[in-house]
Amino acid sequence: MTFRAPKGTNDILPPESDWWREAHRVWDALCEQFGYGLVLTPIFEDTEVFARGVGGDTEVVEKQMYTFDDKAGRSLTLRPEQTASVVRAQIQAGGVGSRFKCAYWGPMFRYERPQKGRYRQFYQAGVEYLGSASPEADVEVIELGYRFLERLGVENVELRLNSIGDPADRAAYREVIRAFLNERRDALSEDSVRRIDANPMRVLDSKADAEVVADAPTPVDHLGVEAQTHFDAVRAGLDAIGIPSVLDPRLVRGLDYYNRTVFEYVPLGYDAAQSAAGGGGRYDGLFEVLGGKPTPGVGLAMGLDRIELASAQRGRTSQLDAYVASIDESRRTDARALVSRLRSSGLKVETADQHRSVKAQFKDADRLGARFVVVIGDEFDDGMATVRSLADGEQRSVALENLSEWITSQ
RNA sequence: GUGGCCGUAGCUCAGCUUGGUAGUAGCGCCUGGUUGUGGUCCAGGAGGUCGCGGGUUCGAAUCCCGUCGGCCACCCCA
């Protein structure tokens, strides 16, 4: 009997995981710079947190949740996203005093049919900017996601931006779009017809009905004064810091808690149906929905699995500073002692774990991408080592006491 | 959830139409050509219950059914 990872889940092993380690470092550094503290929440929550937070009419809640009863009969759900958890945590902690900025990173779970860039366990890095209704918060969050992709070498990213207005704007718009869709009922797909009553705005991003909906009224043309002012400020703010964006009036997103600003990052070179590498928006009503005091918020989530697929740095392995090779069995102890000293001085160093032919050790070093091979032979007794550069084959004698400085200086 | 394509060595894949019991394939791996030296080259070698289960047949990688998994589109979103 052999086992495999469950459908839609992946093992991420070296050397592929080198990218993940790097992405995690980049993310942590970025969030620290931007002033976002770390938030850790449970991987499962009371099912109601998501059912209410994400919204009962959403695809995610209707059919994608990993829900189970624990031994005491509580209904729990593996988090399909983390915003609802973070908001729940803040309410539990007593609410947000002034502004509160936090970041997270971890696995999310949705029961879907897997595809490239779409898995049942997938990874998101995200931030939440809570307690501020200012468009400046939107701009900062959007910039952070943009910089993340930039630092990971994701090229040709299109930032798509839209505003779906305040709840009152949307209620008015809903009647307009409903009327439009009803007139064209016969031309629409089954899915879209079903949405006319439940969630007509969602028909806008249907691929099957793209033609029918091409000249449909859009939410951004039905914004109230306040939402319009807010949206203008977000766009101006992005312009001011040199982040290009395109207005996408058909961008609506599938979670109920969004209002006003919504956005997605789409790497244009990434050829797959699951094209959004990240996205987010404003969710000013979410605190009330989860039983808290009215508190505005804006956030984003970046899809690490998809970013990896689009990242220029994928497959790049980190270099080893030195590989220590022993000339024969009796030199293993000396080799180990040197490895220990070089590592203590901060270098990345590897060696064999038993004596092998020198040839085999060089091959090993080459495979690992070592810059230098340090040969430990009889010269070791005189305090010397032979150092060969694998890049150009140049070889020289270096005193052991200067070795780490010498390698560092190269 | 719906429709389609696919599953042979560690990886990429040929063979499947016309069933006869797997390939000098490429890459990778190991050893040797150097008694203390890689990446090139040459020689040799290891490695596969042909995803799994069942059926048809004297005989199945090859045909049929089921199942698991992957991919693509829809859907949905990260």
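A note on names: the letters A, B, ... follow the listed sequences, proteins ahead of strands, and every chain is numbered from 1.
- If you measure from atom CZ of A:R332 to atom P of B:rG36, you get 16 Å, rounded to the nearest angstrom.
- Residue whose closest nucleotide on RNA chain B sits further toward the 5' end, between A:A370 and A:G278: A:A370.
- Taking atom C1' on both B:rG39 and B:rU35, the two are 23 Å apart, rounded to the nearest angstrom.
- Residue A:A391 is classed as a base contact, given a heavy-atom separation below 4.0 Å to a base.
- The residue A:G126 sits apart from the nucleic acid: no heavy atom pair falls under 4.0 Å.
- Of the candidate nucleotides B:rG1, B:rG38, B:rC75, B:rG38 has the atom nearest to the side chain of A:L390.
- Rounded to a whole angstrom, the distance from the P atom of B:rG38 to that of B:rU21 is 43 Å.
- Nucleic acid contact for A:Q115: base, since at least one base atom lies under 4.0 Å from a heavy atom of the residue.
- Aromatic rings from A:Y123 and A:W105 are positioned such that their centres are separated by 6.0 Å or more.
- Between the side chain of A:N182 and the backbone N or O of A:R178 there is at least one donor-acceptor pair closer than 3.5 Å.
- Here, B:rG69 and B:rG51 have their P atoms 16 Å apart, quoted to the whole Å.
- Below the 3.5 angstrom threshold, one finds a donor paired with an acceptor across the side chain of A:R113 and the base of B:rG3.
- Within the nucleic acid shown, A:Y123 has no heavy atom closer than 4.0 Å to any nucleic acid atom.
- More than 12 heavy-atom neighbours from other residues, nucleotides or ligands sit within 6.0 angstrom of CD on A:E16.
- Side-chain atoms of A:L78 and A:F50, non-hydrogen and from C-beta on, never get closer than 4.5 Å to each other.
- Side-chain atoms of A:D166 never come within 3.5 Å of backbone atoms of A:A168 as a donor-acceptor pair (strictly under, hydrogens ignored).
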Apply side-chain hydrogen bond (donor to acceptor under 3.5 Å, both in side chains) to the pair A:Y283 and A:N259, showing each step before the final yes or no. CA-CA 6 Å; A:Y283 45 85; A:N259 66 322; over 6 Å; no
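- Nucleotides of RNA chain B nearest to A:T58 and A:T9 differ in position, and the one nearer the 5' end is that of A:T9.
- The pairing partner recorded for B:rU17 is none, the criterion being a Watson-Crick or G-U wobble arrangement whose two distances lie under 3.5 angstrom.
- Using P as the reference atom, B:rA14 and B:rC6 are 11 Å apart when rounded to the nearest Å.
- For B:rC74, neither phosphate oxygen OP1 nor OP2 lies less than 4.0 angstrom from any side-chain nitrogen or oxygen of A:S189.
- The CG-P distance, from A:L251 to B:rA78, rounds to 10 Å in whole Å.
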For residues 402-410 of chain A, which side-chain N or O atoms pair as donor and acceptor with protein atoms under 3.5 Å away, sequence neighbours left out?
from: A:T408; atom 1: OG1; to: A:S404; atom 2: O; distance (Å): 2.7
from: A:S409; atom 1: OG; to: A:E405; atom 2: O; distance (Å): 3.4
from: A:S409; atom 1: OG; to: A:W406; atom 2: O; distance (Å): 2.8

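- Nucleotides B:rU67 and B:rG3 place their P atoms 13 Å apart, quoted to the nearest Å.
- Counting only residues at least two apart or in different chains, salt bridge (charged side-chain N to carboxylate O under 4.0 Å, His left out) contacts with residues 181-191 of chain A comprise A:D191-A:R194.
- For the pair A:K7 and B:rG69, the criterion of a side-chain N or O lying under 4.0 Å from OP1 or OP2 is met.
- Nearest nucleotide to the A:I327 side chain, out of B:rU37, B:rG1, B:rG36: B:rG36.
- Rounded to the nearest Å, the gap between the C1' atom of B:rC30 and that of B:rA61 is 29 Å.
- Using a 4.5 Å heavy-atom cutoff, the side chains of A:V252 and A:V262 are not in contact.
- In this structure, CD of A:Q64 is placed 7 Å from P of B:rC77, rounded to the nearest angstrom.
- The base of B:rU37 is paired with the side chain of A:Q395 by a donor and an acceptor separated by under 3.5 Å.
- Backbone-only contact: A:A301 has heavy atoms under 4.0 Å from sugar-phosphate atoms and none from a base.
- If you check every strand for non-hydrogen atoms under 4.0 Å, A:L255 touches sugar and phosphate atoms only.
- When rounded to the nearest whole Å, the span between CD of A:E112 and C1' of B:rC71 equals 16 Å.
- B:rU2 atom P lies 13 Å from atom CZ of A:R194, rounded to whole Å.
- Atom CZ in A:R79 sits 4.0 Å away from atom CE in A:M108 (nearest 0.5 Å).
- No contact: A:E190 has no heavy atom under 4.0 Å from any strand.
- Around atom OH of A:Y111, no more than 12 heavy atoms belonging to other residues, nucleotides or ligands sit under 6.0 Å away.
- Rounded to whole Å, the P atom of B:rG59 lies 34 Å from the corresponding atom of B:rU12.
- Nucleotide B:rU35 is matched to nothing when pairs are restricted to Watson-Crick or G-U wobble geometry with both distances under 3.5 angstrom.
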Output one line per pair: protein atom, nucleotide atom from nucleotides 26-33 of chain B, and distance, for all N/O pairs under 3.5 Å.
from: B:rC29; atom 1: OP1; to: A:R367; atom 2: NH1; distance (Å): 3.1

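- A:D366 contributes a side-chain N or O that forms a donor-acceptor pair with the base of B:rG38 under 3.5 Å.
- In this entry B:rU67 has B:rG51 as its Watson-Crick or G-U wobble partner, both defining distances falling under 3.5 Å.
- Residue-level contact check: A:G8 touches the backbone only, with heavy atoms under 4.0 Å from sugar-phosphate atoms and none from bases.
- Atom CG of A:D305 is separated from atom C1' of B:rC77 by 12 Å (rounded to the nearest Å).
- Of the nucleotides present, B:rU2 is the one that pairs with B:rA73 by Watson-Crick or G-U wobble criteria, both distances under 3.5 Å.
- Within the shown strands, B:rC29 is the pairing partner of B:rG45 under the Watson-Crick or G-U definition, both distances less than 3.5 Å.
- A straight line from CD of A:E158 to P of B:rA78 spans 17 Å, rounded to a whole angstrom.
- OP1 and OP2 of B:rC71 both lie 4.0 Å or more from every side-chain N or O belonging to A:K116.
- Going from the P atom of B:rC52 to that of B:rC58 covers 24 Å, rounded to whole Å.
- Rounded to whole angstrom, the span from the CZ atom of A:R371 across to the P atom of B:rG39 amounts to 21 Å.
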